[in-house]
Amino acid sequence: MEIPKTYNPKETENKWYQYWMEHGFFKSVPDDREPYTIVIPPPNVTGVLHMGHMLNNTIQDVLVRRARMQGKNACWAPGTDHASIATEAKVVAMLKERGIAKKDLSREEFLNYAWEWKEKYGGIILEQLKKLGASCDWDRTRFTMDADMSEGVIDTFIHLYKKGWIYRGVRMVNWDPQGKTVVSDEEVIRKEVNQKLYYIRYEVVGLSEEVGARSGEQGDQQSVISNQLSASDEFLHLTPRTSYLTIATTRPETIMADAAICINPNDERYASFIGKKVLIPLINREIPIILDDYVEMDFGTGCLKVTPAHDLNDYNLGIKHHLPVIDILNDDGTLNEKAEILVGKDRFAARKEIAKLLEEAGNLEKIEEYKSQVGFSERTDAVIEPKLSMQWFCKMEEMAGPALDYVLNGEVKLIPDKFINTYKYWMENVKDWCISRQLWWGQQIPAWYLPNGQFVVAKTREEAFEEAKLLSPQLPDLKIEDLHQEEDVVDTWFSSWLWPISVFDPSFFSGKNSIGNADLQYYYPTNDLVTAPEILFFWVARMIMAGHEFKGEAPFKNVYLTGIVRDKLGRKMSKSLGNSPDPLDLIEKYGADGVRVGMLFSSPAGNDLMFDESHCEQGRNFANKIWNAFRLVKGWEVDQHLSNPNENAIAWFETRFNQALTEIEENFKQYRLSEALMATYKLVWDDFCAWYLEMVKPVYQQPIDAATHKATIQFFKNILKIVHPFMPFLTEELWHDNLFGEREELDCCIVAQQPVIGEINLKLLNEISTIKEVIAEIRNTRNMKQISPKEALPLAVKSNSEINYQTYQPILSKLGNLSEVSFTTEKIAGAVNFIAGTDEFFMELANNVDAEAERERIQKELSYLQGFLKSVNAKLSNERFVQNAKAEIVANEQQKKADAEAKIAILEEGLAAL
RNA sequence: GGGAGAUUAGCUCAGCUGGUUCAGAGCAUCUGCCUUACAAGCAGAGGGUCACUGGUUCGAACCCAGUAUCUCCCA
């Protein structure tokens, strides 16, 4: 049978994924083995696979597959979240195409459409993950809006409400005027934008005439005013006239909502204005001048307009100074009647118009270009409006403490740990979580309003009615239909913070069973969570909170934080930039194994990944390398009569394998996946293919001895095992070749047990490393002398060390293509020579040594060694070094000295012999 | 503005307790090879003031201070 020269992933990938599924290898049920559990960070149900998912899920799959091969009961629980805003947007778009407007639908009708959309288009991403090889237990697939999952969410709401940790209140929230919903702080993306800073003059009321108007700052600003008034500073003082205060703002359209002007009490420029009032331009409403050192004297004019309804800081200032709140904006971002002017205009249109009006009224002093941060909605990209609104909140203070402790005391490890600082900062400055969303797609808040405005929180209308009756005996005629359920739903994160519990036991939150079902008891807490640092706070931290609150235990032990996948230019890969390759195209092009390897090659935890397709190419090449090693071994014919000439090679590879395995395990322990992969790569490519196979491979068309054949197959099998987590498809394919023997149906690489680390023979490793040096020198000599690799050459060995070159003679002959290996105690004059370790080697060639060139070469090496020796001697003769340095380091230096001296002696002899 | 992190070969990154595992790896580059497993390959080679300036130390890529540049988070 002809085996193709290159590995063809397409043929194997679907086949083996099917096979694994059909034979239930991904499936996990509790048993008496140690569990290893990962819950997937549930991707958005509307999402499609992007490069970030590829990285994230490759890492999870590597961890899960490895655990499975370590004999653990590995469970990777998959699913999606319902992403209320994103999904609702998709559904609205779908309806629009069909000519249906959301406002014409009832809640129930809308939800029917939403479910229809979800069933049809949702969860594509899970199918895509299968192409990557993700070994999730698909029977456990969950969706955050599954009926039982939703019930759990409602149960936790009620629980926290009863505990007093959920409350309803008016707060400043991030309002998305386009989505017409609140969004959380984390869903606001701040961007620096070019804006305009408007300098607006407010007339001071009742200012006595002899006090001069001092508007704004000293210096250039004043000169602007002076120019405009065609008057000097002095003139201002002498002439009775109106006085102004000037404020600088980026949002002139909000002046109608002003409640005060604030100045710094230490600001001498404005000392004479204390206790006065000013008039808001255009509407002439009187507002006070208040004092607060919150105002920075050197920013803008040093005067701040205070608009509590439309700015968070102003709101806080307003509370402090008991200012009224005047909200002039509608939910859609247009001005309402409280604005008095420009009613009905959009906020941005109003901004332009009011600038004109102010100018006409003489209140606009100047406009400056200004850069500042503006918040945009992550979902709709609308400019976020700080807005006071009645919302539901979840108190964070009590939950944040324990959640912080888990991380600080190491019960939950963040990898890399540099994120502990960020986490700590967040948790110590945590704000209450606004959990209500003005949407339909999500879990409707279980609060029920009575006709008198009071409300009760209960799971069902019936329960709510019972509670309501207790609450309002003064409403004897209260009927169950009079209750009106809260329209809002809870934030999607209010579902996903329960994820590590709810995927296993959604009914756990009912409180009926305090320890949960068998799954929860077995799998919780999970082991590793793999996610992005961006959601460390609003998902990871909250899961820890929920884990602690409901289960009394953190939901995972390790949090592996991946970086952002960027393009070659360092830009984040995104749909809008169009700089992201389609992951499925990549898989098509390089094979899933190749892409997995490509993703992992340079992705240390927490560091961004500069993605380059060439990494995938390297991954594909690696797959091909293994494939071809297989072709070689597969092609060997065994002759039972031959004795084994490869004992050294076999012993060496075995010890080298153990050494590499130690490194790999160490890397895995520290979650250095890219280094574990690199160690595996080098073991396979360099040690196994380039050295071991070359050492043992028989001459073309000659048979191989049975012992070598058997050992090689065993090595190959072990290689398949350690490569499997990274390259599951190729390894499974080869595993089933009859080269490795007959296989039972369930004897698969995916469940093969990882090899156990055996003995490491350092002496052998050192000796072979000298042998490799000798071979490299021989090849180098060939290269320099332009001698064909086909021409066999003689080698004479003058051994000054313990190494028994006799036993390595077969390896030397084969890899160096030597005609003969002889041993000598004398130098061979005129022969090409080199040193490996402290042993000398001579090659008598047809065109032997160019004495002059040789002298130069030796001289060069000699002067290097002499310099080296000098520095070593300098250290050793330094008393303070000998006193202070550790004994082994001094001994080391002495060894270096001895080695250098030995080599120098050899070189000097060689020089003399020329 | 406040905080965190980074800066090592052309690129992407290792470098652990300061000392021959200390200047490394992979890729890329260059040279020579279509040598019967693999040109998606083989054999070699070159390439670095460890951002800069000081300090601590017998000894610094590593510790400390400052400077520069970049990234992220928060306001």
Side-chain angles (χ1 to χ4, degrees), chain A residues 3-7 185-186 190 296 298-299 312-313 372-373 375 416 418-426 429 533-534 536-537 563-564 566 568 570 572 590-591 594 598 601-604 606-612 614-615 617-636 666-667 670 672 674-675 677-679 681-682 685-686 689-690 693-694 697 699-701 775-784 786-791 815-817 868 871-872 874-886 888-893 895-896 899-900:
Chain A
I3 308 170
K5 274 176 98 166
T6 51
Y7 168 60
D185 290 344
E186 294 77 15
R190 289 179 183 280
E296 288 175 42
D298 50 4
F299 180 81
L312 180 58
N313 295 314
S372 73
Q373 298 273 325
K418 67 176 178 186
F419 287 107
I420 294 174
N421 276 339
T422 322
Y423 184 84
K424 183 163 181 272
Y425 179 81
W426 272 333
N429 295 280
E534 296 141 67
L536 185 58
F537 176 67
I564 295 166
R566 297 176 180 278
K568 265 198 249 182
K572 187 172 173 174
Y590 300 106
F601 258 136
S602 70
S603 60
N607 279 14
D608 288 356
L609 165 69
M610 300 297 167
F611 181 79
D612 189 330
S614 71
H615 292 141
E617 195 180 332
Q618 199 184 339
R620 179 202 60 181
N621 293 355
F622 186 40
N624 201 45
K625 186 72 186 174
I626 298 172
W627 179 256
N628 275 290
F630 163 76
R631 282 180 68 213
L632 173 70
V633 178
K634 177 82 175 165
W636 287 344
E666 192 50 40
N667 285 327
Q670 298 180 38
R672 299 173 173 208
S674 55
E675 294 200 45
L677 171 61
M678 189 48 78
Y681 179 88
K682 286 197 270 192
W685 200 304
D686 298 343
C689 295
L693 288 178
E694 293 298 332
K697 113 177 159 186
V699 181
Y700 181 56
Q701 286 187 332
I775 291 163
E777 290 284 3
I778 296 169
R779 287 169 173 169
N780 221 342
T781 305
R782 251 183 229 285
N783 248 355
M784 289 199 314
Q786 310 247 330
I787 302 167
S788 158
K790 285 176 189 161
E791 192 181 330
L815 298 192
N817 189 18
F868 177 75
S871 79
V872 173
K875 266 191 206 175
L876 285 170
S877 57
N878 181 336
E879 271 175 44
R880 284 195 283 186
F881 170 74
V882 181
Q883 277 168 12
N884 296 330
K886 278 182 264 177
E888 68 238 44
I889 283 157
V890 178
N892 216 332
E893 292 297 312
Q895 184 60 48
K896 275 156 67 177
D899 285 352

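Letters A, B, ... mirror the listed sequences (proteins, then strands); counts begin at 1.
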- Query: How would you label the contact of A:F611 with the nucleic acid (heavy atoms, under 4.0 Å): base, sugar-phosphate, or nothing?
  - Reply: nothing
- Item | B:A45 to B:U56 separation - C1' atoms, rounded to the nearest Å | 41 Å
- Message: Do A:L609 and A:F601 have side chains that approach each other closer than 4.5 Å (heavy atoms only, starting at C-beta)?
- Response: no
- Query: Should B:A14 form a Watson-Crick or G-U wobble pair with both distances under 3.5 Å, which nucleotide is its partner?
  - Reply: none
- Are OP1 or OP2 of B:C38 and a side-chain N or O of A:K5 less than 4.0 angstrom apart? yes
- How far, in whole Å, is B:G32 from B:C50 if one measures between their P atoms? 33 Å
- Whole-Å gap separating C1' (B:U21) and NZ (A:K896): 12 Å
- Message: With rounding to the closest Å, how many angstrom separate the C1' atoms on B:A6 and B:A14?
- Response: 15 Å
- Query: Going by the angle between their ring planes, with limits at 30° and 60°, are A:F611 and A:H615 parallel, tilted or perpendicular?
  - Reply: perpendicular
- Message: When the P atoms of B:C58 and B:U21 are compared, how many Å lie between them, rounded to an integer?
- Response: 22 Å
- Query: Quick one: CG on A:L693 to CG on A:N628, what's the gap to the nearest 0.5 Å?
  - Reply: 11.0 Å
- Task: For A:A776, answer base if it contacts any base atom (sugar-phosphate contacts may also be present), sugar-phosphate if it contacts only those atoms, and nothing otherwise; contact means non-hydrogen atoms under 4.0 Å.
- Result: sugar-phosphate
- Task: Round to the nearest Å and state the distance from A:R782 atom CZ to B:C42 atom P.
- Result: 18 Å
- May I ask you to verify if any side-chain N or O of A:N421 is less than 4.0 angstrom from the OP1 or OP2 atom of B:C73? no
- Task: For A:W685, report the nucleic acid contact type (base, sugar-phosphate, nothing); a contact means any heavy atom under 4.0 Å.
- Result: sugar-phosphate
- Query: Would you say B:A45 has OP1 or OP2 under 4.0 Å from some side-chain N or O of A:N780?
  - Reply: yes
- Choose from B:C13, B:A40, B:C74 the nucleotide whose nearest atom is closest to any side-chain atom of A:R620. B:A40
- Message: Checking contacts here: which listed nucleotide (B:C42, B:U20, B:U35) is nearest the side-chain heavy atoms of A:N892?
- Response: B:U20
- Item | Opposite nucleotide pairing with B:A23, Watson-Crick or G-U, both atom distances under 3.5 Å | none
- Task: Could you tell me whether the phosphate oxygens of B:A37, OP1 or OP2, come under 4.0 Å of any side-chain nitrogen or oxygen in A:R631?
- Result: no
- Within-4.5 Å side-chain heavy-atom neighbours: A:Y423 and A:F537: no
- Query: Base, sugar-phosphate, or nothing: which does A:E777 touch, judged by heavy atoms less than 4.0 Å apart?
  - Reply: nothing
- Task: Could you tell me whether A:F630 contacts a base, only the sugar-phosphate backbone, or nothing, with contacts defined as non-hydrogen atoms closer than 4.0 Å?
- Result: nothing
- Task: May I ask you to decide if A:G816's main-chain N or O and A:R782's side chain share a donor-acceptor pair within less than 3.5 Å?
- Result: yes
- Test item: A:K697 and A:V633 side chains (from C-beta on) under 4.5 Å apart, heavy atoms: no
- Message: Closest-nucleotide mapping onto RNA chain B: is A:N628 or A:L609 further toward the 5' terminus? I mean the 5' end.
- Response: A:L609
- Message: Given B:A43, B:G41, B:C58, identify the nucleotide with an atom nearest to the side chain of A:K625.
- Response: B:G41
- Query: Across the strands shown, which category fits A:R672 at heavy-atom distances under 4.0 angstrom: base, sugar-phosphate, nothing?
  - Reply: sugar-phosphate
- Task: May I ask which nucleotide in the shown strands pairs with B:G59, Watson-Crick or G-U wobble, both distances under 3.5 Å?
- Result: none
- Message: Without decimals, in angstroms, what is the distance between A:M610 CE and B:C11 C1'?
- Response: 11 Å
- Can you tell me how far P in B:U67 sits from the matching atom in B:A60, rounded to whole Å? 24 Å
- Task: Can you tell me the distance, in whole Å, between the CZ atom of A:F622 and the C1' atom of B:C38?
- Result: 13 Å
- Item | Any-strand Watson-Crick or G-U partner of B:G5, both distances under 3.5 Å | B:C70
- Query: With respect to the side chain of A:N621, which nucleotide from B:U35, B:A37, B:A40 is positioned closest?
  - Reply: B:A40
- Paired nucleotide for B:C33 [Watson-Crick or G-U wobble; both distances under 3.5 Å]: B:G41
- A:L632 vs A:K875, nearer the 5' end of RNA chain B by closest nucleotide: A:K875
- Message: For the residue pair A:Q895 / A:D899, report whether a side-chain donor-acceptor contact shorter than 3.5 Å exists.
- Response: yes
- Does a side-chain N or O from A:K682 land closer than 4.0 Å to OP1 or OP2 of B:C27, or not? no
- Query: For the pair made of NZ in A:K424 and P in B:G2, what is the distance, rounded to whole Å?
  - Reply: 20 Å
- Item | Min side-chain heavy-atom separation A:Y7-A:R620 under 4.5 Å | no
- Tell me what A:N624 touches on the nucleic acid: a base, only sugar-phosphate, or nothing, going by heavy atoms under 4.0 Å. base
- Return the value, rounded to whole Å, for the distance between atom CZ of A:R880 and atom P of B:U57. 9 Å
- B:C52 versus B:G48 - spacing of their P atoms, nearest Å: 14 Å
- Query: Using the C1' atom in both, what is the distance from B:C42 to B:C34, to the nearest Å?
  - Reply: 10 Å
- Query: For B:G44, does either OP1 or OP2 sit under 4.0 Å from a side-chain N or O belonging to A:R779?
  - Reply: yes
- Message: Taking the minimum atom-to-atom distance to the side chain of A:E694, which one of B:A37, B:C27, B:U35 wins?
- Response: B:A37
- Item | Length of the line joining A:E617:CD and B:A28:P, which is rounded to integer Å | 8 Å
- Atom-pair distance (CG on A:L876; C1' on B:G59), nearest Å: 13 Å
- Message: With heavy-atom distances below 4.5 Å as the criterion, would you say the side chains of A:N624 and A:K5 are in contact?
- Response: no
- Message: Quick check for you: among B:A37, B:G41, B:G26, whose closest atom lies nearest to any side-chain atom of A:Y700?
- Response: B:A37
- Item | Listed nucleotide nearest any side-chain atom of A:Q618, set B:C27, B:U20, B:A37 | B:C27
- Report the nucleotide, chosen from B:A75, B:C27, B:U20, that has the shortest atom-to-atom distance to any side-chain atom of A:Y681. B:C27
- Expressed as a whole number of Å, how far does the C1' atom of B:U53 sit from that of B:C13? 27 Å
